[in-house]
Amino acid sequence: MVKLVMVRHGESTANALNQYTGWNNVGLTQEGVVQAHVAAKKLQGFEFEHVHTSVLKRAILTAYIIQDDLNLNYVPITKSWRLNERHYGALRGQNKDATRREFGVEQVHLWRRSFYAVPPKLDHADPNVGPYKYYDARIMPLAESLYDAYQRIVPYYVDQVAPRLLDGKDQLIVAHGSTIRALIKYIEAISDQDIDGVEVANGTPLIYEFDKKLNILNSNRQSK
């Protein structure tokens with residue numbers, strides 16, 4: 001038996017302001033820091049052998065807190081843009097309630113929850129500095145549906161996470177709501193329609209136990 005644990009980062013400053021975040025590189029609130037410590041407490045005794053996270057600091061900081069609290073700082077960590085939150089395009093930084101008033105509740109629900117709906121796109125890529133300083137602007141998304149994000153997230157899982165699980169090495173992924181929804185869809189073979197109802201809470205570990213062929217033996221995720 002081998003374990004995969006996935007944790008959505010603790011509350012970010014954008015979460016607290018009810019803003020779309022996407023690829024914006026925001027930090028954790030104090031509550032988010034507490035949530036990361038609580039996640040670590042729930043994982044006492046879990047000795048993962050590799051950590052996977054995005055290049056966004058809210059996920060990286062959460063991963064660092066979990067590693068530190070579990071005395072697993074020495075465990076290798078891989079940071080990949082492929083595990084970033086989905087790109088919310090022109091909605092980034094906007095208040096979610098304000099967009100509901102502007103575009104309507106139904107439209108916003110589609111942008112946020114459906115598998116294929118793409119939010120309004122940026123006019124041009126804006127890599128700027130920080131984690132995108134070395135990112136090729138020619139392939140940087142202008143906006144993504146969950147389907148679009150799925151296309152970059154699942155190959156990372158198949159190439160970097162699944163082989164380690166097949167070797168019997170427990171893995172930890174610390175990422176984002178959409179990242180983890182995409183992985184849940186893949187791991188549990190959830191339909192395009194039913195993924196709409198999957199929610200991922202901040203700082204709550206999702207634990208999967210697999211057999212040697214990566215069939216699910218147990219999971220603490222509550223399915224609707």
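Model, not experiment: these values are computed from the prediction.
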Those residues at least two apart in sequence (or on a different chain) that pass salt bridge (charged side-chain N to carboxylate O under 4.0 Å, His left out) with D97 are R100
How are the rings of Y157 and Y186 set relative to one another: parallel (under 30°), tilted (30 to 60°) or perpendicular (over 60°)? perpendicular
* Any side-chain heavy atom of Q67 within less than 4.5 Å of one from V51? -> yes
| field | Whether F115 and Y147 hold their rings parallel, tilted or perpendicular, with breakpoints at 30° and 60° | value | perpendicular
Apart from V105 itself, members of its ILVMFWY cluster (side-chain separation under 4.5 Å) are none
### Message
Closer than 4.0 angstrom, basic N to acidic O: yes or no for E47 and K3?
### Response
no
By ring pair (Phe, Tyr, Trp, His ring centres under 6.0 Å), H176 pairs with (sequence neighbours left out) H9
In T62, I65, T179, I77, the residue satisfying side-chain contact (heavy atoms from CB on, under 4.5 Å) with V174 is T62
Checking T21 against N24: is there a side-chain donor and acceptor pair closer than 3.5 Å? no
For K121 and A143 the tightest heavy-atom approach is CG-CB, 3.7 Å
Contacts of R164 meeting salt bridge (charged side-chain N to carboxylate O under 4.0 Å, His left out) (sequence neighbours excluded), chain-then-number -> none
With a 4.5 Å cut-off on side-chain heavy atoms, are W111 and P120 touching? yes
**Request:** Answer yes or no: is there a donor N or O on one side and an acceptor on the other, between the side chain of R181 and the main chain of I195, under 3.5 Å?
**Result:** yes
With sequence neighbours left out, the residues meeting side chain to side chain donor-acceptor pair (under 3.5 Å) with N215 are D211
- Test item: side-chain donor near acceptor, H50 and D170, under 3.5 Å: no
Going by chain and number, the hydrophobic cluster around L110 (ILVMFWY, side chain to side chain under 4.5 Å) further includes none
Sequence neighbours excluded, the answer for ring pair (Phe, Tyr, Trp, His ring centres under 6.0 Å) partners of F48 is F46
Here the gap from I60 atom CD1 to T53 atom OG1, rounded to the nearest 0.5 Å, amounts to 5.5 Å
> Would you say the side chains of Q160 and H52 form a donor-acceptor pair under 3.5 Å?
Replying inline: no
Student check: side-chain heavy atoms of Y88 and R86 closer than 4.5 Å
yes
* Asked: So, do I184 and L206 sit near enough that their side-chain heavy atoms are less than 4.5 Å apart?
  -> yes
Sorted by chain and number, sequence neighbours left out, side chain to side chain donor-acceptor pair (under 3.5 Å) with R152 holds for E144
**Message:** For the residue pair Y20 / T99, report whether a side-chain donor-acceptor contact shorter than 3.5 Å exists.
**Reply:** yes
Contacts of D192 meeting salt bridge (charged side-chain N to carboxylate O under 4.0 Å, His left out) (sequence neighbours excluded), chain-then-number -> K185
So side chain to side chain donor-acceptor pair (under 3.5 Å) across residues 28-40, not counting sequence neighbours, yields E11-T29, H37-D69
On a heavy-atom basis, the closest approach of S12 and V26 is CB-CG2, 3.8 Å
The ring pair (Phe, Tyr, Trp, His ring centres under 6.0 Å) partners of Y64 (sequence neighbours excluded) come to none
Residues passing the ring pair (Phe, Tyr, Trp, His ring centres under 6.0 Å) test with F210, sequence neighbours excluded, are none
